[in-house]
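Input: a single structure, listed below in structure tokens.
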Amino acid sequence: MDFSSAGPRRYTGREVFRVDATHSGTLYLRGAVYEYYTDDAWEGEVPAQVEDGSTPAVDGAQEAVVTWRGSPSTAVYVPYGVVSVEGVAVPEDRTLAFPEARETYTVDYLPLEGEPENAGLAGPGSGADIEDCLAVPGEIARALEAWYAEAARELSDSGISPAGDAVGDYAFELNTAERIAQLLARNASYDLLTPRTPEGEDFVTYFLEESHRGYCVHFASAAALLLRLEGIPARYVSGYTVTLSPSSTSGNFARVLDSDAHAWVEIYLEGYGWYPVEVTPASGDVPEPETPATTEPETSATPEPTLQPTREPQESETPAATAEPSESPAPENTPAPEESGDREQGSDSVRPWWALGLLTVPAALALTWGLRRRSWKRMCRGRDANAAVLAAYGWFQTLAHWGGRTGEETETLARKARFSQHALTEQERKAVLARLRGEISRLKKELPIWRRWVLRLLFPADRSSR
């Protein structure tokens with residue numbers, strides 16, 4: 001996972017593979033696991049080969065079928081809790097690969113539910129050395145320790161409570177991961193157009209101290225090292241995050257696009273094993289897909305396993321030298337005004353169009369208000385609390401242009417809604433919507449009268465519509 005050429009990232013909107021499953025919800029599909037960090041790369045173990053064989057069925061296991069779009073592949077992407085691939089038991093903690101390319105394969109897995117519990121496992125498994133997963137290069141460690149201390153002090157001075165409400169055997173590890181994600185989100189912004197790290201600079205320290213902008217590979221790399229400084233074994237993982245939705249025919253499915261590629265961190269919990277934690281802010285919007293003809297050359301920083309698929313790469317990143325979008329060209333000279341006689345001659349035919357325009361504006365405003373009110377009702381009453389929180393977060397992002405504030409709690413819940421494999425509670429949904437309603441009410445009191453009217457049009461979040 002070489003970051004020396006990792007610059008602005010763009011997507012084509014191309015479907016990489018499809019997942020059909022008996023289970024619904026969000027899945028982290030782990031591809032490659034990396035343990036060793038240098039100043040511009042993560043390195044991992046050679047993938048374990050998936051051989052033929054058979055494994056007894058496991059009670060409660062779910063099934064997922066992965067089907068590649070385009071050429072077959074040797075790559076194997078599996079959910080956490082994997083039991084077997086193609087009926088063969090596989091190590092849960094390793095990068096996996098087939099000896100030969102396949103068009104499709106089946107995975108059996110036990111979905112993650114609730115907080116992890118101590119199962120009394122004896123060790124980290126076959127694919128990891130805990131000491132390697134605690135190592136941070138000395139010169140980088142000093143810089144990270146200084147950054148971490150300053151970021152924590154600023155959070156304390158702000159009066160905002162540290163994130164994390166986990167309890168039980170792994171409260172320290174899970175709450176530390178939440179707090180690190182919180183500090184990263186406060187001190188760096190999600191930006192897919194982040195330039196390449198300058199030559200000679202460390203990828204992580206430049207991100208934290210100079211750039212303050214990045215996407216999943218930046219946040220996951222920084223978090224993995226910060227967790228190690230806290231004594232928590234951590235690894236960098238690349239793969240895909242997908243949300244399985246009910247199919248019109250049977251089961252659940254997801255079309256996995258190149259823009260679903262992702263990087264995250266997994267931490268080792270003694271007695272349990274490796275557990276995924278999300279550290280990337282939820283505020284990153286994927287840019288509009290480009291046409292394949294204009295896609296920039298891809299780099300080696302895409303989240304691929306060590307054995308590359310036998311098809312084209314799954315994700316494209318443009319080099320840092322890619323020019324920023326140019327400004328709009330200057331408008332052409334407007335045509336010369338018509339003679340007054342011509343205007344008078346056509347005036348009778350123009351008047352009906354003006355009248356039609358006067359009728360259209362109120363209709364458009366009413367339609368806009370109706371659609372926005374319907375969206376608000378869906379957020380309040382829809383079955384999917386995660387979708388409701390993400391929709392509310394989108395409203396918060398729009399409110400930011402009016403002076404609205406999202407808040408730390410909303411940021412945390414939006415990140416969970418986007419990436420967590422667990423459903424948010426009804427109380428968490430209500431908390432986000434209550435804050436959204438409060439921000440709208442506050443702005444209605446502070447904005448000029450004409451802007452209040454526009455605010456009411458775009459944000460009809462009154463209590464009667466709950």
| task | Inspect the surroundings of CD in Glu15 and state if more than 12 heavy atoms from other residues, nucleotides or ligands are less than 6.0 Å away. | result | yes
Tightest non-hydrogen contact, residues Ala166 and Glu115, listed as CA-OE2, 3.4 Å
Closest non-hydrogen contact found for Thr205 with Ala143 is CG2-CB, 3.9 Å
In short, Leu257 meets Gly13 closest at the heavy-atom pair CD2-O, 3.9 Å
Residues passing the salt bridge (Lys or Arg N to Asp or Glu O under 4.0 Å) test with Glu210, sequence neighbours excluded, are none
Please check: side-chain N/O of Thr194 versus main-chain N/O of Gly214, any donor-acceptor pairing under 3.5 Å? yes
Practice task
Check the pair Ser84, Asp108 against side-chain hydrogen bond (donor to acceptor under 3.5 Å, both in side chains), reporting the backbone distance first and the verdict last.
Solution key: CA-CA 5 Å; Ser84 65; Asp108 291 325; 3.3 Å; yes
In short, Ala151 meets Leu183 closest at the heavy-atom pair O-CD2, 3.6 Å
*Other residues, nucleotides, ligands: >12 heavy atoms within 6.0 Å of Glu201 CD*: yes
(message) Determine whether Ser221 and Trp42 satisfy the following criterion, side-chain hydrogen bond (donor to acceptor under 3.5 Å, both in side chains), listing intermediate values before the conclusion.
(response) CA-CA 9 Å; Ser221 295; Trp42 283 94; 3.0 Å; yes
**Request:** Start with the C-alpha distance between Thr106 and Glu63, add both sets of side-chain angles, then the distance that settles side chain to side chain contact (heavy atoms under 4.5 Å, CB included), and finish with yes or no.
**Result:** CA-CA 7 Å; Thr106 301; Glu63 182 181 272; 3.5 Å; yes
Q: Could you please spell out the steps behind the side-chain hydrogen bond (donor to acceptor under 3.5 Å, both in side chains) verdict for Tyr37 and Asp202?
A: CA-CA 11 Å; Tyr37 179 77; Asp202 173 71; 2.9 Å; yes
How far apart are the C-alpha atoms of His23 and Tyr109, what are their side-chain angles, what is the distance that settles it, and do they pass the side chain to side chain contact (heavy atoms under 4.5 Å, CB included) test? CA-CA 10 Å; His23 176 254; Tyr109 64 101; 3.1 Å; yes
Pair Tyr275 + Tyr268: ring centers closer than 6.0 Å:
no
Interatomic distance, CD@Glu139 vs CG@Leu144, rounded to 0.5 Å, equals 10.0 Å
| Any side-chain heavy atom of Leu226 within less than 4.5 Å of one from Trp147? | yes
### Message
What I'd like to find out is whether the side chain of Leu227 reaches to under 4.5 Å of the side chain of Val265, using heavy atoms alone.
### Response
yes
Here the gap from Phe98 atom CZ to Thr74 atom OG1, rounded to the nearest 0.5 Å, amounts to 9.5 Å
CG (Leu269) and CG (Leu174) are apart, to the nearest 0.5 Å, by 6.0 Å
Nearest heavy-atom approach of Glu173 to Ile232 is CA-CD1, 3.7 Å
Test salt bridge (Lys or Arg N to Asp or Glu O under 4.0 Å), reference Glu35, set Arg235, Arg228, Arg94, output is Arg235
Flag the pair Val82 / Pro91 as yes when at least one side-chain heavy-atom distance between them is below 4.5 Å, and no otherwise. no
| request: Carefully, step by step, assess His262 and Tyr240 under the rule side chain to side chain contact (heavy atoms under 4.5 Å, CB included). | output: CA-CA 5 Å; His262 190 47; Tyr240 289 84; over 6 Å; no
Thr280 and Trp264: side chain to side chain contact (heavy atoms under 4.5 Å, CB included), yes or no, with the steps? CA-CA 8 Å; Thr280 301; Trp264 61 91; over 6 Å; no
Separation between CZ (Phe17) and CD (Glu103), nearest 0.5 Å, reads 15.0 Å
Next on the checklist: Classify the ring geometry of Tyr28 against Tyr80: parallel below 30°, tilted from 30° to 60°, perpendicular beyond 60°.
Outcome noted: perpendicular
Here the gap from Thr67 atom OG1 to Phe253 atom CZ, rounded to the nearest 0.5 Å, amounts to 12.5 Å
Query - Donor-acceptor contact present, side-chain Asn175 to main-chain Ala171, <3.5 Å - result: yes
query = Hey, does Tyr77 have a side-chain heavy atom less than 4.5 Å from the side chain of Val19?
reply = no
Is a side-chain N or O of Thr104 found less than 3.5 angstrom from the main chain of Val66, in a donor-acceptor match?
yes
Beyond-backbone contact of Tyr105 with Val76, side-chain heavy atoms, under 4.5 angstrom:
yes
| request: Would you please classify the geometry between the Phe207 ring and the His218 ring as parallel, tilted or perpendicular, with 30° and 60° separating the classes? | output: tilted
Heavy-atom nearest pair, Val279 first then Phe219, reads CG2-O, 3.7 Å
Note to self: Closer than 3.5 angstrom, by distance alone: can the side chain of Ser189 be matched with the main-chain N or O of Arg213 as a donor-acceptor pair?
What the structure shows: no
**Heavy atoms from other residues, nucleotides or ligands near CD of Glu145 exceed 12 (cutoff 6.0 Å)** = yes
- request: Please tell me if the side chains of Cys380 and Leu433 come closer than 4.5 Å, counting only heavy atoms from C-beta onward.
  value: yes
Between the OG1 atom in Thr176 and the CD atom in Glu230, the distance rounded to the nearest 0.5 Å is 5.5 Å
If you take the centroid of each ring, where Trp contributes its six-membered ring, are Tyr215 and Tyr190 closer together than 6.0 Å? no
